[in-house]
A.B. asks: 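Could you have a look at this structure, given as structure tokens, before my questions?
Order of the sequence lines fixes the chain letters, A, B, ..., with proteins taken first and strands second; residue numbering starts at 1 for each chain.
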Amino acid sequence: MIPFEKNFYSESPSVRMMTEQDVALYRRKRNITVEGRDVPKPVRVFQETNFPDYCLQVIAECGFVEPTPIQSQGWPMALKGRDLIGIAETGSGKTLAYLLPALVHVLAQPPLMSGEGPIVLVLAPTRELAVQIQEEAVKFGLRSRVRSTCIYGGAPKGPQIRDLRRGVEIVIATPGRLIDMLEACHTNLRRVTYLVLDEADRMLDMGFEPQIRKIISQIRPDRQTLYWSATWPREVETLARQFLHNPYKVIIGSLELKANQSIMQIIEVVSENEKYPRLVKLLNEMMDGSRILIFLDTKKGCDQVTRQLRMDGWPALSIHGDKAQSERDWVLSQFKSGSSPIMTATDVAARGLDVKDIKCVINYDFPTSLEDYVHRIGRTGRAGAKGTAFTFFTHLNAKYARNLIKILQEAGQTVSPALATLARSTGAASGGFGGNFRSRGRGYGNRSLISGSNTIPIGGRKQW
DNA sequence: AAAAAAC
């Protein structure tokens, strides 16, 4: 094994001069909570970090003025070489919180020899998110010797194999294709010393955990492991700590499920039949060139609503996991460029995606967990911008009402009487928190997305 | 009676 230096952080003189009181005040003002032994002081300006000069230059070019709270505390922690759990709301700069320390980490290592695998591995739950992270890595790795590549399914293997065989310091991957590549010996994880789980609670849930276990088992145990998410259900903590040693924990705000405060959240209690007409009414009010993202719970629902919208003349496209990756890529690019300002999506688009100027998120269906609710609406209101989230809420979703109200109140939103009434109609607070980590709610009842004369069958496919 | 993630 190649030994690696674990502490890349030395406090700048200005950080060293901060008194404990200064630190406490700084953290209090920015809602930073820390746990762990020997927690380093936060950095207040970019110049207090020890990132390479060219990184600071890119930061300046991006127009960033000062580190976000998760960055100011996360950077020195990550640079210490210790494990880390970082929890901060959607749109608060988590990607750079782990990517820049990753660059420093790589630059401090002996160069890659031929046949060696990556030094940094970042795992993400969707292909689009992996690609987005890689774009960010390219932006900051460009002017150094740090190469990166993205390994994900649905795309041709050839170029990915070529990149891996040629050697890259940073690999950003979705689990399935990475395991595929490992089994085919196109790469190995023997040199990985910096492992990131983005959207960590999702990566540790039922669907992903076995794959994550398989991947982590191939990485040296003295690696540095970093978890990041906007949501952190209590149920994951025990599982998560199995893969961590003496971690720091940094939380921005509270550990309570918390939505981004700059998003106006509007819950509309409707019946199933009222959804589509209500959607059209909202689109008529909101359409002014900016982007609108509509979430549904099922792929079929996405197709149906998109088809109906297009028949009614709306420029809508749909993204979900049954579509070819080439179409997913195209739809997302059309949405990003504004050529198709309305996108319907399943939860494939719920986490992490950073599209500028999404003015409005509409939950056509209420999600199957409140964590997903927080992530979905977090596609708007990014980097301090304002956004609006409309959510259609039916009596079938009543079990979420109480905890949803908690989220609304915590984020300073008004609670409509209709929602309050629904909350009172349910017994003790039951449903909601915990997402995939507890048993799923029962009783969905019959649902058809578009009722009566509005139903549009999709050619050749059986439905309902 | 959900989605995602490899071929």
Side-chain angles (χ1 to χ4, degrees), chain A residues 121-133 150-158 160-161 164 171-187 197-216 229 231 272 293-305 318-325 327-328 332 344-353 363-376 379 394 396-397 399-400 431-432 434-449 462-464:
Chain A
L121 176 63
V122 179
L123 296 172
T126 67
R127 299 164 182 177
E128 285 77 8
L129 181 53
V131 168
Q132 177 184 298
I133 295 164
C150 195
I151 301 299
Y152 61 102
K157 285 184 178 175
Q160 297 181 5
I161 294 171
L164 290 174
V171 163
I172 295 144
T174 51
R177 177 62 69 89
L178 177 66
I179 290 173
D180 192 5
M181 291 292 178
L182 290 168
E183 283 171 352
C185 294
H186 294 308
T187 189
L197 267 64
D198 204 342
E199 308 296 344
D201 55 338
R202 168 61 81 245
M203 300 308 283
L204 293 170
D205 85 8
M206 298 184 303
F208 278 115
E209 195 219 312
Q211 299 174 67
I212 298 304
R213 243 176 229 287
K214 192 166 187 175
I215 292 168
I216 291 188
S229 185
T231 50
E272 202 61 43
L293 178 54
I294 304 166
F295 281 105
L296 293 100
D297 280 352
T298 64
K299 294 176 275 202
K300 198 158 80 178
C302 272
D303 287 338
Q304 288 167 356
V305 167
S318 177
I319 189 169
H320 60 64
D322 273 357
K323 296 197 177 280
Q325 191 56 40
E327 187 176 351
R328 282 165 63 164
L332 190 57
T344 65
T346 58
D347 281 324
V348 71
R351 283 174 173 255
L353 285 195
N363 284 309
Y364 192 94
D365 297 323
F366 197 80
T368 49
S369 77
L370 286 165
E371 283 79 12
D372 289 337
Y373 172 80
V374 168
H375 284 282
R376 283 180 177 187
R379 292 322 96 212
T394 76
L396 295 172
N397 311 125
K399 63 173 177 171
Y400 295 110
N436 290 333
F437 302 98
R438 34 172 92 179
S439 64
R440 245 170 248 152
R442 283 158 292 160
Y444 269 76
N446 280 329
R447 294 202 301 180
S448 64
L449 289 154
K462 228 185 257 167
Q463 41 193 313
W464 295 291

A.B. asks: Kindly indicate whether the side chain of T368(A) and the base of dA2(B) share any N or O donor-acceptor pair separated by less than 3.5 Å?
C.D. replies: yes
A.B. asks: Salt bridge (Lys or Arg N to Asp or Glu O under 4.0 Å), that's the test. Do R202(A) and D205(A) meet it? Break it down for me.
C.D. replies: CA-CA 5 Å; R202(A) 168 61 81 245; D205(A) 85 8; 2.7 Å; yes
A.B. asks: Over all heavy atoms of both residues, which pair between R376(A) and F366(A) is shortest? Give the atoms and the distance, please.
C.D. replies: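 What the structure gives for the nearest pair is NH1-C, 4.2 Å.
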A.B. asks: How close do P175(A) and A124(A) get, heavy atom to heavy atom, and via which atoms?
C.D. replies: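 In terms of heavy atoms, the two residues are closest at CD-O, 3.6 Å.
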A.B. asks: Within this structure, what is the CD-to-P distance between E209(A) and dA5(B), rounded to whole angstrom?
C.D. replies: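 Computing the E209(A):CD to dA5(B):P distance gives 19 Å.
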A.B. asks: How many whole angstroms separate atom CD1 of I215(A) from atom C1' of dA6(B)?
C.D. replies: 11 Å
A.B. asks: Scan R351(A) against the nucleic acid and name what it touches under 4.0 Å (heavy atoms): base, sugar-phosphate only, or nothing.
C.D. replies: nothing
A.B. asks: What is the distance from NE2 of H320(A) to P of dA4(B), rounded to the nearest Å?
C.D. replies: 8 Å
A.B. asks: Select one nucleotide: of dA4(B), dA2(B), dA6(B), the one nearest the side-chain heavy atoms of D347(A).
C.D. replies: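 Nearest to the side chain of D347(A) among the choices is dA2(B).
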A.B. asks: With sugar-phosphate meaning primed atoms plus P, OP1 and OP2, does G321(A) contact a base, only sugar-phosphate, or nothing at under 4.0 Å between heavy atoms?
C.D. replies: sugar-phosphate
A.B. asks: To the nearest Å, give me how far apart CD (E128(A)) and C1' (dA5(B)) are.
C.D. replies: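 So the CD-C1' distance, E128(A) to dA5(B), works out to 12 Å.
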A.B. asks: Rounding to an integer number of Å, can you tell me how far I151(A) CD1 sits from dA6(B) C1'?
C.D. replies: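 That distance rounds to 13 Å.
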A.B. asks: Does dA5(B) have OP1 or OP2 under 4.0 Å away from a side-chain N or O of R127(A)?
C.D. replies: yes
A.B. asks: Counting side-chain heavy atoms from CB outward, which of dA2(B), dA6(B), dA5(B) is closest to F208(A)?
C.D. replies: dA5(B)
A.B. asks: With a 4.0 Å cutoff (strictly under), does any side-chain N or O of K299(A) reach OP1 or OP2 of dA4(B)?
C.D. replies: yes
A.B. asks: Tell me the interatomic distance from I212(A), atom CD1, to dA4(B), atom P, rounded to whole angstroms.
C.D. replies: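 Result: 17 Å.
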A.B. asks: Rounded to whole angstrom units, what separation is found between the CG atom of N397(A) and the C1' atom of dA2(B)?
C.D. replies: 13 Å
A.B. asks: NZ of K300(A) versus P of dA3(B): gap in Å, rounded?
C.D. replies: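 Rounded to whole Å, this separation is 10 Å.
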A.B. asks: For V131(A) versus C150(A), what's the shortest heavy-atom pair and its separation?
C.D. replies: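 Scanning both residues completely, I find the closest heavy atoms to be N-SG, 3.7 Å.
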A.B. asks: Do NZ/NE/NH1/NH2 and the carboxylate oxygens of R351(A) and D201(A) come within less than 4.0 Å?
C.D. replies: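 Here R351(A) pairs with D201(A) in a salt bridge, since their nearest N and O are under 4.0 Å apart.
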A.B. asks: Hey, is the side chain of T174(A) poking within less than 4.0 Å of OP1 or OP2 on dA4(B), counting only N and O atoms?
C.D. replies: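 No, no such contact exists.
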